[in-house]
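Lettering follows sequence order; numbering is per chain, from 1. From a predicted model like this one, the values you see are computed outputs, not experimental measurements.
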There are 2 protein chains.
Amino acid sequence: MATGRTHRPATRSRGIPEATVARLPLYLRALTALSERSVPTVSSEELATAAGVNSAKLRKDFSYLGSYGTRGVGYDVEYLVYQISRELGLTQDWPVAIVGIGNLGAALANYGGFASRGFRVAALIDADPAMAGTPVAGIAVQHTDDLDRIISENGVSIGVITTPPGAAQQVCDRLVAAGVTSILNFAPTVLSVPEGVDVRKVDLSIELQILAFHEQRKAGEDATAEDEGAPPMRATPAGRKGPDGDMPAVMPA
Amino acid sequence: MATGRTHRPATRSRGIPEATVARLPLYLRALTALSERSVPTVSSEELATAAGVNSAKLRKDFSYLGSYGTRGVGYDVEYLVYQISRELGLTQDWPVAIVGIGNLGAALANYGGFASRGFRVAALIDADPAMAGTPVAGIAVQHTDDLDRIISENGVSIGVITTPPGAAQQVCDRLVAAGVTSILNFAPTVLSVPEGVDVRKVDLSIELQILAFHEQRKAGEDATAEDEGAPPMRATPAGRKGPDGDMPAVMPA
DNA sequence: ATGTCTTTGTGAACGCGTGCACAAAGATTG
DNA sequence: CAATCTTTGTGCACGCGTTCACAAAGACAT
Ligand SMILES: NC(=O)c1ccc[n+]([C@@H]2O[C@H](COP(=O)([O-])OP(=O)(O)OC[C@H]3O[C@@H](n4cnc5c(N)ncnc54)[C@H](O)[C@@H]3O)[C@@H](O)[C@H]2O)c1
Ligand SMILES: NC(=O)c1ccc[n+]([C@@H]2O[C@H](COP(=O)([O-])OP(=O)(O)OC[C@H]3O[C@@H](n4cnc5c(N)ncnc54)[C@H](O)[C@@H]3O)[C@@H](O)[C@H]2O)c1
C-alpha cells in the first residue's frame with residue numbers, strides 16, 4: 001500500500017479525508033446541542049441543516065467512521081457523540097500551553113469554551129519578566145526561560161502561539177524542541193517546522209482581506225459600467241517597467 | 001425540499017478562484033516585507049518560499065491577475081503590491097464594527113495590525129448598558145440599541161461578531177438588516193444569512209480539535225494497543241463491524 | 001409475513017485545486 | 001546580432017472533495 005514516500009507527508013490521514021476531519025467538530029457541536037435537549041435520534045437531513053452542510057456530504061463523512069446509522073430512523077445522538085469524540089481524540093485530556101500572554105493570549109486564557117472539550121490550559125508563558133507570577137485567568141504566568149521544563153513536566157503536545165510576529169518562529173522552535181508536535185499559530189508568520197509537526201494558523205487579517213475582496217466585488221456589480229478597470233496600465237512589452245515603478249500608489253505600512 | 005435547485009452564489013468569483021483569493025493576502029504580506037527592505041524584484045521561487053507555498057501555484061495564482069512578471073527577472077515588488085492591494089480592495093478604507101466587547105472583542109479592538117491594511121475600527125458595540133461610553137482602545141463603546149444607526153452612519157459593510165454563541169444569530173440579523181454584507185464570526189455558531197451576505201468564521205475550538213485528531217494519530221502510530229477507559233454502553237442491532245470492539249451510548253429505551 | 005415508507009450508505013460523475021514539466025519570452029553576454 | 005541563460009506562463013494530468021441519485025436496509029403498520 002505504501003506508494004512510496006514522495007514528499008507527501010500531509011495526506012497521511014488514517015483513511016479519513018482531511019476535509020471530513022475538519023467537519024467532525026461541527027457535527028459534534030450540533031450533536032452535543034441535541035444531546036442536551038435529550039433528543040434520542042436525528043436524521044442526516046436534520047443534522048446537516050444544524051451543522052450547515054449538505055446532507056449527502058454528512059452521510060459520506062460518517063461513512064468513513066463506519067456505519068453508525070439506522071436506515072429509516074437516523075443516527076443515535078449519544079452513540080454518535082461518543083464515536084466522533086473518540087475519533088477526534090477528545091476522550092482524553094489535552095494539556096495546552098499558551099505562549100505570549102498579551103491582549104490575545106489573555107483572552108484565550110480566559111476563554112471558557114476551551115476546557116469544555118478535553119482541552120486544558122496547562123501553562124501560560126511570556127517573555128516579559130514583569131508578568132512572571134502574575135495570575136491570568138487563575139493561572140500564574142511563567143517565564144520563557146523555563147519553557148522547556150514547563151512543556152516537559154506537563155506533557156504538553158499542543159502549543160498556542162500568540163506572541164508578536166517577530167518572535168513566533170523562535171518560540172515555535174523552542175516549543176518543538178521541547179516536545180510539542182502540534183501548534184496553533186495566531187501570529188501572522190509563516191512558521192517552518194520539521195516533518196511530523198502540525199501547524200494550523202488563525203489569521204484575522206487574511207479573513208478580513210478575503211471579505212474585502214468579495215465586498216468590493218459586490219459593490220462593483222452595481223456599477224459595472226463604472227470605472228472598473230481604468231488604472232491598470234499594464235506595462236506592455238514595449239515600455240519597460242523598470243525601477244520607474246510608474247504608479248505604485250497607496251502603500252499600507 | 002429534495003430537488004430544490006438552490007443557487008450557487010459561492011462560485012461567483014470573477015474569474016479568480018477562491019483558493020487563489022485566500023492566498024493573495026499571504027503574498028501581499030511577503031511582498032510588503034520585501035518592499036520595506038527596498039528589494040526591487042523577486043522571483044516566483046523566492047516569493048513562494050517566503051509565503052510558504054509552491055512556486056508553480058504562485059505563478060498560476062498571479063496569472064489570474066494578469067501577466068505582471070518579467071521572464072528571466074521575476075516580479076516587480078512595488079508593482080505587485082499595488083496590483084494585489086487593488087484586487088483585494090485594500091486601496092480603499094473599510095470601516096469595521098465589532099459587536100460584543102468582551103475578552104475577545106476587546107483584544108481585537110486593541111489589535112494594531114487591524115488598521116494597518118485598510119481596515120478601520122469604526123465602532124464598538126455591546127449590549128451591556130454598563131459598558132456604554134467606556135473607552136476601549138480609545139473608542140467609546142456604544143449600546144446595541146443604536147446598532148442600526150451606527151452601522152448606517154459609518155457606512156459599515158463589514159461586521160465582526162464576538163458575542164456569546166446564543167446572541168450571535170440575533171446580532172447577525174440586526175447587522176444584516178442595517179446593511180452589513182460581510183461578517184466575520186468568532187462565535188461557535190452556524191449563522192444563517194440571506195443570499196449576498198458573506199460569512200467567514202474563525203473557530204478556535206475546531207482548530208484545536210483538528211490538531212487533537214492528528215496528535216492522537218501520531219501517538220497511535222507507536223502503540224496501537226491501548227485500553228480505552230470506560231465507554232458508554234449500547235447494544236447495536238447486529239454486531240456490525242467491530243474493529244474497535246467497544247460499543248457505547250445508552251439507549252433510552 | 002408481507003407491504004409500505006423512510007432514510008441510510010455509496011457508486012459514479014463532475015469540478016476544482018495542485019503540481020509537473022516545458023516552450024516561450026526576455027534579459028544578458030560576447 | 002546571435003548565443004546563452006534565467007524565469008515566467010500555462011497545458012496537462014491527477015487526485016481530492018462535492019453532489020446527485022438510487023438501491024438496499026430496516027422500521028413500522030396491517
Ligand atoms: N490581538 C488580536 O486581536 C490579534 C488578532 C490577530 C492576530 N494577532 C496576533 O497575535 C499576536 C499577539 O497579539 P497581541 O495583540 O496579543 O499582542 P501583545 O503585544 O498584546 O502580546 C504579545 C505578548 O507576547 C509576549 N512576548 C513577546 N515576545 C515573546 C517571546 N519571545 N516569548 C514569549 N512571549 C513573548 C509579550 O510580552 C506580550 O505579552 C500578534 O502576532 C498579533 O499579530 C492578534
Ligand atoms: N475569548 C476567546 O479566546 C474566544 C476564543 C474562541 C471563541 N470565542 C467566542 O467568542 C465569543 C466571545 O468570547 P468572549 O470570551 O469575548 O466572551 P465575553 O463574555 O467576554 O464577551 C461577550 C460580550 O458580548 C456582549 N454581548 C452579549 N450579548 C450581546 C448582544 N446581544 N449584543 C451585543 N453584545 C452582546 C457581552 O456584554 C460581553 O461584553 C464567544 O462566542 C466565544 O465562544 C472566544
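For the pair B:Asp76 CG and D:dT8 P, the computed distance is 13 Å after rounding to whole Å. Look at CG on B:Leu80: it is 11 Å from P on D:dT8, rounded to the nearest Å. Rounded to whole Å, the distance from CG on B:Leu58 to P on D:dT10 is 14 Å. If you take CD of A:Glu45 and P of C:dC5, they are 19 Å apart, rounded to a whole angstrom. When the C1' atom of D:dT7 is taken as reference, atom NZ of B:Lys57 falls 20 Å away, rounded to whole Å. Residue A:Leu47 contributes atom CG, which lies 10 Å from atom P of C:dT8 at whole-angstrom precision. Summarising the geometry, the separation between CD1 on A:Ile16 and C1' on D:dG17 is reported as 15 Å, rounded to the nearest angstrom.
Smallest separation of non-hydrogen atoms from B:Val180 and B:Ser157: CG1-O, 3.5 Å.
For C:dG17, neither phosphate oxygen OP1 nor OP2 lies less than 4.0 angstrom from any side-chain nitrogen or oxygen of B:Asn54. Applying the 4.0 Å criterion to OP1 and OP2 of D:dT7, one finds that B:Ser44 has every side-chain N and O outside that range. Contact annotation: A:Arg23 side-chain N/O to D:dT18 OP1/OP2 distance is under 4.0 Å.
Electrostatic pairing of B:Arg217 and A:Asp198 does not count as a salt bridge here, judged by no charged N lying under 4.0 Å from a carboxylate O.
The side chain of A:Glu18 lies closest to D:dG17 when the candidates are C:dA21, D:dG9, D:dG17. Of the listed nucleotides (C:dG26, D:dC20, C:dT18), C:dG26 has the atom at the smallest distance from the side chain of B:Thr70. The side chain of A:Tyr75 approaches C:dG9 more closely than any other nucleotide in the set D:dT18, D:dA21, C:dG9. Comparing C:dA27, C:dT18, D:dG26 against the side chain of B:Val73 picks out C:dA27 as the nearest.
Of the two residues contacting DNA chain D, namely A:Ala56 and B:Gly74, the nearest-nucleotide position lying further toward the 5' end is that of B:Gly74. Comparing A:Asp61 and B:Arg59, the nucleotide of DNA chain D nearest to each residue sits closer to the 5' end for B:Arg59.
The base of D:dT18 does not come close enough to the side chain of A:Lys60 for any donor and acceptor atom to sit less than 3.5 Å apart. Residue-to-nucleotide contacts include a donor-acceptor pair under 3.5 Å from the side chain of A:Arg71 to the base of C:dT8.
You'll find the side chain of B:Leu47 reaches within 4.5 Å of the side chain of B:Leu34, heavy atoms only. A:Thr32 has its side chain within reach of A:Glu36: a pair of non-hydrogen atoms, C-beta onward, lies under 4.5 Å apart.
Across all strands, B:Ala19 comes closer than 4.0 Å only to sugar-phosphate atoms, never to a base (heavy-atom distances). When heavy atoms are screened at a 4.0 angstrom cut-off, B:Phe62 is found touching no nucleic acid atom at all.
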Next item on the list: Check step by step if ring pair (Phe, Tyr, Trp, His ring centres under 6.0 Å) holds for A:Tyr75 and A:Phe62.
Entry: CA-CA 10 Å; A:Tyr75 299 90; A:Phe62 285 173; 5.1 Å; yes
